[in-house]
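Numbering of ligands and ligand atoms starts at 1, following listing order.
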Amino acid sequence: MENKNRAQFATRLGVIATTVGSAVGLGNIWRFPYEAGAHGGGAFLLIYILFILMLGIPVICAEFIMGRGTRSNIFGAYRKLHSRPQWAWVGYIGILASLMILSFYSVVAGWTLEYFFQSIGACFSDTSSVDRHQVFDTFATGWRSPMWSIIFLIVNGCILLRGVQKGIEKVSNILMPVLFVILILFCINSLTLPGAAQGLEFLFLPDFSKVDSSVLLGALGQAFFSLSLGLGTMLTYASYFSDKTPLVKSATTTALLDTLVAILAGIIIFPAVFSFNAEPTAGPKLVFEVLPSIFYQMPFGIGWSTLFFFLLFLASLTSTISMSEIAIAFFTEQLGMTRRAATLLNTGIAILFGTLCALSFGSLSDFTICGLTIFNLFDYVSSNILLPLGGMLISIFVGWVIDKKIVKAQLQGAGALLPWVLNLIVFSLRYIAPIGIALVFFAGLGII
Ligand code: TRP
């Protein structure tokens, strides 16, 4: 069943750096704080952590099992594990959704580049009286936004062209440690701000009065988005694991480090928000409108701002690399393309749809489908519908459909796994994950 010429990650560090690199991204630093801000802070955090532990870790394991078990892209993995072609359709959903996410994600990633250069530029001008809302609006509705997303996608493509070990693994090994150091620096700075206590209270003290089914769906969507689950990102990366990589341990480490980064991002952002009387519920613009005005009031603010947007850029890059690899692996293995052609195709599609998403803040802002702009539609359909759906189907497939021997052999690896851990994961994949995801999913959509 295995293909001997397939690429593999060279080291154990590479495995963790790439999977954590995929998981940690805008989802943690941009999306998590505004979702938590809008949904009651501490209560959202608690539900989010619960979902990560109960649903997230088992579903990562499921993707790992399929990926390493078949050493194949998502479509090929379903095909190899089951004779019915219907299941392979789930693979198509993953590939489609990964292209959708890449398109809107690269817009926000492009914004991080604009803000990075704006921060550097601020050294040379007086920024004290600037209206940040105005700055963001003018930028996001203009031509620079699509330009940056295209530049970002080209950088992304150049790394992917270099392949799995020399491109993806090498870049992750360098960028992830840098990212952690910058995060810690920010945390220390934030905790010394006057509003630190209030910010931490907002993040850690749960207020359950704000919790309803849409908050639950939001937390589930956020958990899956942040762990890069449901579309086959983790599956594709696991297809590059060696036989010795312990799956359960890697899944748990990835989930814990990813959650840690989301919490660190909250610790960085909320004290700053409260210190400078900003609104924690500002939504997607939180880090782009609120943070710059806060940074510029702080000592060495321009330096902090430059560093922060550089951090966001790095985090985005390791994530878009992983999203792109889903389609690239599919194009090369199923359609027989060269890596170069596959990367160009992936980048081309993302540039086309990414530009539409970027323009939906400006000239295309009146073009809506079901009341949503293209950007919001891509985000909503992929994060709140396709990710949970993909996650549910993967857990059903691994829990019920495929041969249990494969599941056992993959999870057990060198035999180091305790039997109860194995049983717990299988139980969760059979019952807790599919039922839990289904309940939250349908309730959130207002169906039950
Ligand atoms: N997890 C990444 C983040 O938090 C985004 C991401 C990468 C992703 N690959 C994905 C999200 C696949 C959904 C599906 O920013």
Side-chain angles (χ1 to χ4, degrees), residues 17-36 48 51-52 55-56 59-60 62-64 67 73-74 90-91 93-112 152-153 156 159-160 168 172 175-176 179 183 219-238 251 254-255 257-266 284 287 311-330 346 350 378-394:
T18 49
T19 52
V20 175
S22 167
V24 170
L26 292 171
N28 307 60
I29 306 169
W30 164 72
R31 203 173 189 276
F32 174 79
Y34 83 70
E35 285 278 332
Y48 173 75
F51 283 165
I52 294 269
L55 311 175
V59 179
I60 307 184
E63 288 209 16
F64 280 1
N73 62 87
I74 180 166
V90 184
I93 298 182
I95 294 155
L96 178 81
S98 75
L99 288 166
M100 283 176 91
I101 295 194
L102 181 62
S103 303
F104 80 81
Y105 200 94
S106 66
V107 175
V108 185
W111 294 349
T112 69
F152 181 87
L153 283 167
N156 180 61
I159 296 170
L160 283 156
I168 302 177
S172 305
L175 297 191
M176 290 320 288
L179 195 120
L183 270 175
L220 181 71
Q222 175 60 25
F224 273 63
F225 188 89
S226 193
L227 291 177
S228 311
L229 283 183
L231 314 182
T233 310
M234 292 299 172
L235 184 158
T236 308
Y237 271 9
T254 305
L257 286 176
D258 182 64
T259 310
L260 177 70
V261 174
I263 295 175
L264 289 181
V287 301
L311 167 90
L312 266 186
F313 164 71
L314 295 186
S316 322
L317 193 60
T318 49
S319 297
T320 50
I321 289 173
S322 74
M323 285 171 212
S324 311
E325 190 62 19
I326 302 178
I328 293 176
F330 169 76
N346 178 71
F378 274 35
D379 183 5
Y380 188 85
V381 171
S382 53
S383 317
N384 288 9
I385 298 179
L386 298 178
L387 291 192
L389 206 62
M392 187 161 72
L393 291 171
I394 283 182

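Thr233 OG1, 3.1 Å is the protein heavy atom nearest to atom 12 (C) of ligand 1. Counting only heavy atoms of the protein, atom 11 (C) of ligand 1 lies nearest to Phe225 O, 3.2 Å. With hydrogens left out, the protein atom closest to atom 15 (O) of ligand 1 is Tyr105 OH, 2.5 Å, a heavy atom. Nearest protein neighbour of atom 4 (O) of ligand 1, counting heavy atoms only, is Ala23 O, 2.8 Å. With hydrogens left out, the protein atom closest to atom 13 (C) of ligand 1 is Ile101 CD1, 3.6 Å, a heavy atom. For atom 7 (C) of ligand 1, the nearest protein heavy atom (residue, atom name, distance) is Ser228 OG, 3.2 Å. Shortest contact from atom 2 (C) of ligand 1 to any protein heavy atom: Ser22 O, 3.2 Å.
Side chain of Thr320 to backbone of Leu317: a donor-acceptor contact under 3.5 angstrom is found. Using modelled atom types, one side-chain atom of Thr318 and one backbone atom of Gly21 make a donor-acceptor pair closer than 3.5 Å.
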Q: Kindly indicate, with the supporting measurements, whether the criterion side-chain hydrogen bond (donor to acceptor under 3.5 Å, both in side chains) is fulfilled by Thr233 and Ser22.
A: CA-CA 8 Å; Thr233 310; Ser22 167; 5.0 Å; no
Apply side-chain hydrogen bond (donor to acceptor under 3.5 Å, both in side chains) to Asn156 and Ser324, showing your working.
-> CA-CA 9 Å; Asn156 180 61; Ser324 311; 3.1 Å; yes
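The ligand atoms of ligand 1 that sit less than 4.0 angstrom from a heavy atom of Ser226 are 1 (N), 4 (O). Applying the 4.0 Å criterion to heavy atoms of Ser322 picks out, from ligand 1, the atoms 7 (C), 9 (N). Interface atoms of ligand 1 facing Leu231, defined by a heavy-atom separation under 4.0 Å, are 12 (C), 14 (C).
Here the OH atom belonging to Tyr105 is positioned 12.0 Å from the OG atom belonging to Ser382, to the nearest 0.5 angstrom. Rounding to the nearest 0.5 Å gives a distance of 12.0 Å between CZ of Phe224 and CG of Asn384. Considering CG of Leu387 and CG of Leu220, their distance stands at 9.0 Å, rounded to 0.5 Å.
Below 3.5 Å of separation, one finds an N or O of Gly27 facing an N or O of ligand 1. For a threshold of 3.5 Å applied to N or O pairs, the pair formed by Leu229 and ligand 1 contains no separation below that value.
Taking the six-membered ring for Trp and thresholds of 30 and 60 degrees, Phe152 and Phe313 have ring planes more than 60 degrees apart, a perpendicular arrangement.
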